[in-house]
2 protein chains.
Amino acid sequence: MESKTNFRRKGRATIIDVGRVAGVSDATVSRALNKPDTVSEATRQRIDAAIIETGYVPNPVAKAMVSGRTYTVGALVPTLDHAIFSKFLNALEAELSTNGYGLVVAVTKGDPLREVEKAKKLLSMGVEGLIVSGLSHNEELVAQARRSTIPLVATSYFQPDSHIPAVGYDNETAAVLAAEHLIALGHEKIAVVHGPIRDNDRTRSRVRALKALPQPVTFFYHESSLDYAGGREAVENLPPEVTAILCLSDVLAMGALFKLQDLGVKVPDQLSVMGFDNMAASEFTSPTLTTIKLPITEMGTRTARAICEHLNTGTPIESEELQSTVVVRQSTASPSR
Amino acid sequence: MESKTNFRRKGRATIIDVGRVAGVSDATVSRALNKPDTVSEATRQRIDAAIIETGYVPNPVAKAMVSGRTYTVGALVPTLDHAIFSKFLNALEAELSTNGYGLVVAVTKGDPLREVEKAKKLLSMGVEGLIVSGLSHNEELVAQARRSTIPLVATSYFQPDSHIPAVGYDNETAAVLAAEHLIALGHEKIAVVHGPIRDNDRTRSRVRALKALPQPVTFFYHESSLDYAGGREAVENLPPEVTAILCLSDVLAMGALFKLQDLGVKVPDQLSVMGFDNMAASEFTSPTLTTIKLPITEMGTRTARAICEHLNTGTPIESEELQSTVVVRQSTASPSR
DNA sequence: TCGACTCATGTAGACGTCTACATGGCTGGT
DNA sequence: ACCAGCCATGTAGACGTCTACATGAGTCGA
């Protein structure tokens, strides 16, 4: 943060320079640029020539200064290096872009403190809206956003009584949906593999929902790292009596599946494996993976739309619940006797 | 009719409002904020109180206006929904962030026209640097960047004679590396599966390098979509005489691998499969996937570092070549017989 | 007690663009 | 030939923050 050298602003031409060359005032140049029909043909041509001669490029910051708009939205995500978030951002960016907004991305690494810090950074960069993942956030983040009067939207999580508007799915329902699929197949002893509970309210509420389920079935919970290795490791420590593994992420499920292939365990004949996410690879593995399809792309699109509409018209942002569905594929079946 | 509007315009307090409440001028407030030791203790306290009372939040755009800096860098990528780009952006964001810069992301969908359009958008948002994927770009993009005097850096691709600085790996070398691994194992008929050639100079140069290879071996080229389905489809149309499949992307390789598992073809006993990328899943599949490890994370870090250094000190950005390496795992072996 | 000096603060732009209003020349209808 | 009205353009801020310089009050040493 030392060297604040201003070599940056090497004499870039301004509309005043253009005006000087064209023999008009800056106001006329501005008009020629923004409302060409209010400027005479001859003048317009001289201005066009002057723009080329001077190499004029508009200064976006000055524009933003007078319009009070930056047409920029910020998104805070735990990581970019995970399909679910990049898929979300991909859809988000697409919809923001068609509405004329740009996307600034900041990575929190799942750390609430870093989240606050990054949020401040985004605000100090002039974003007009802030998108976060999940519902539980540092007080300071919410306070900052409120102070700046910029809208805050939560994603990945829908809960009717949230104090900030949220566009997402109900994690509890989705988890129950998954469990019910396995239960309907006749499984009664099910291993539940999930990533770290800490600082992840999505995982937390999925687990909570399962624990609240009436108990004709027994769940064996296993927390591991949220990656392929975690899935593999879960299989290595599998309680012998389970007939199915419910992984609360497709990455975990695939890690488990690969390990089972290695061990020569037949899926689903000897053991059912179920995922959560519906990652791109899930419909191609062998066997293909039964999973919960989360409305990630739709979530990105809807979030962007809600924000843009709010920024354009002032409409308040309303929470939206999107539906998850079970995608039945080959990796689950009734337990063998 | 004295207008003493304490809270004006968009209702956001300015430094002047703060000054009015604290009974000082805007200059003093500015100093209290930026050089606290040049303001008397008493005044500082009154200003702090006034800031809270007015709910003052600094206006980033005005700051950018006077400093001429936005501390923002833009990146153009074909998609976010692909591990390789999100991994790159993840590393890029991390390093930019530690240098105090923010990252604006724009998606081109591999379309050169859209790329130009998005580049303009980024420039009109005030980014101080522009990062693109690959070396071949619409003339207009390069011209725009030059006119705006903002630095342009290419990634994913290193070529000594490039006219724009590039931080990346040599795709030709990497492709040859892969082929040499298979050739060293004794393969002579190799299927090469790659994604669309059009608008993707990385794929194009990998294929070109293979085609230029001296010919004790025969390559059978197959272009398919750059996803799991593409890998699967390639297996379905496999020339019977090949003993190995070289996929120019791990996604393709995994698609192929899964299909082969389905067909009951033993990898690598009956057929070797080699990937390209070293995606996270590759070391967990069964068999684990031999692949080319591309320096994606390092590329993100180095790119960010080069840009930041340039913006901070004016050092010109120099091209950097990063090395790819072969990662030998289980999916390749000498051909049987 | 006076001048030199320091310190805290105010004043007046500047940054680049936009826009409400002013100006002055021209047209055309009567 | 006169005035209304219009057209093309200029003038003068405004946006919010920063900073070089000016100002005035207080301090200190001789």
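Residue numbers start from 1 in every chain, and the chains themselves are labelled A, B, ... in the order their sequence lines are given, proteins ahead of strands.
- A/Asn34 has a side-chain polar atom (N or O) that falls below the 4.0 Å cut-off from OP1 or OP2 of C/dC18.
- Sorted by first and then second residue, the salt bridge (charged side-chain N to carboxylate O under 4.0 Å, His left out) pairs with a member in residues 35-46 of chain A read A/Glu41-A/Arg44; sequence neighbours excluded.
- Evaluation of the ring-ring contact (aromatic ring centres under 6.0 Å, His included) rule for B/Phe88 yields no partner, not counting sequence neighbours.
- Each end of the helix from C/dT1-D/dA30 to C/dT30-D/dA1 gets its own rotation axis from five pairs of C1' atoms, and the angle between them is 50° to the nearest 10 degrees.
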Nucleotides 24-27 of chain C: which of its N/O atoms have a protein N/O under 3.5 Å away?
none

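- Between C/dG10 and B/Ser25, a contact under 4.0 Å exists linking OP1 or OP2 to a side-chain N or O.
- Take A/Ser162 and apply the side chain to side chain donor-acceptor pair (under 3.5 Å) test, not counting sequence neighbours, and it matches no residue.
- Note on residues 92-102 of chain A: pairs passing salt bridge (charged side-chain N to carboxylate O under 4.0 Å, His left out), not counting sequence neighbours, are A/Glu93-B/Lys118, A/Glu95-A/Arg305.
- Protein atom CE of A/Met65 is 7 Å distant from nucleotide atom P of D/dT17, rounded to whole Å.
- The salt bridge (Lys or Arg N to Asp or Glu O under 4.0 Å) search around B/Glu320 returns B/Arg302, not counting sequence neighbours.
- Scanning all heavy atoms of the two residues, the minimum distance from A/Arg69 to A/Tyr101 falls at NH2-OH, 2.7 Å.
- Using a 4.0 Å heavy-atom criterion, one finds that A/Val24 contacts the sugar-phosphate atoms exclusively.
- The separation between B/Asp37 atom CG and C/dT9 atom C1' is 15 Å, rounded to whole Å.
- The distance from atom CG of B/Asn59 to atom C1' of D/dG16 is 6 Å, rounded to the nearest whole Å.
- A/Gly19 comes within contact range of no nucleotide atom at all, as no heavy-atom separation falls under 4.0 Å.
- When all heavy atoms are compared, the tightest approach of A/Val29 to A/Ile47 is CA-CD1, 3.9 Å.
- For the pair A/Gly100 and A/Tyr71, the tightest heavy-atom approach, listed with the atom from each and the gap, is O-CB, 3.7 Å.
- Identified under the salt bridge (charged side-chain N to carboxylate O under 4.0 Å, His left out) test for residues 137-159 of chain B, with sequence neighbours left out: B/Lys120-B/Glu140.
- For the residue pair A/Val39 and A/Ala32, the shortest heavy atom distance occurs at CG2-N, 3.7 Å.
- Considering only residues two or more places apart in sequence or on other chains, B/Ser30 meets the side chain to side chain donor-acceptor pair (under 3.5 Å) condition with B/Asn34.
- Backbone-only contact: A/Val39 has heavy atoms under 4.0 Å from sugar-phosphate atoms and none from a base.
- Of the side-chain N and O atoms in A/Thr28, one or more sit less than 4.0 angstrom from OP1 or OP2 of D/dG10.
- Looking at heavy-atom distances under 4.0 Å, A/Thr14 makes contact with sugar-phosphate atoms alone, never a base.
- What separates CZ of A/Arg20 from P of D/dG10 is a distance of 13 Å, to the nearest Å.
- Counting heavy atoms from C-beta on, the side chains of A/Thr70 and A/Val127 never come closer than 4.5 Å.
- Rounded to an integer number of Å, the gap from B/Ile16 CD1 to D/dG16 C1' is 7 Å.
- A heavy atom lying under 4.0 Å from DNA chain D marks the following residues of residues 40-53 of chain A, by number: A/Ser40, A/Thr43.
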Show the distances under 3.5 angstrom between N or O atoms of the protein and N or O atoms of nucleotides 20-25 of chain D.
none

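- Residue A/Thr72 comes nearest to B/Met125 through the heavy atom pair OG1-CE, 3.1 Å, listed as atom of the first residue, atom of the second, then distance.
- Partners of A/Asp81 according to the salt bridge (Lys or Arg N to Asp or Glu O under 4.0 Å) rule, which considers only residues two or more places apart in sequence or in another chain, do not exist here.
- Summarising the geometry, the separation between CG on B/Asp26 and C1' on D/dC18 is reported as 9 Å, rounded to the nearest angstrom.
- In this structure, B/Tyr56 places its OH atom 11 Å from C1' of D/dC18, rounding to the nearest Å.
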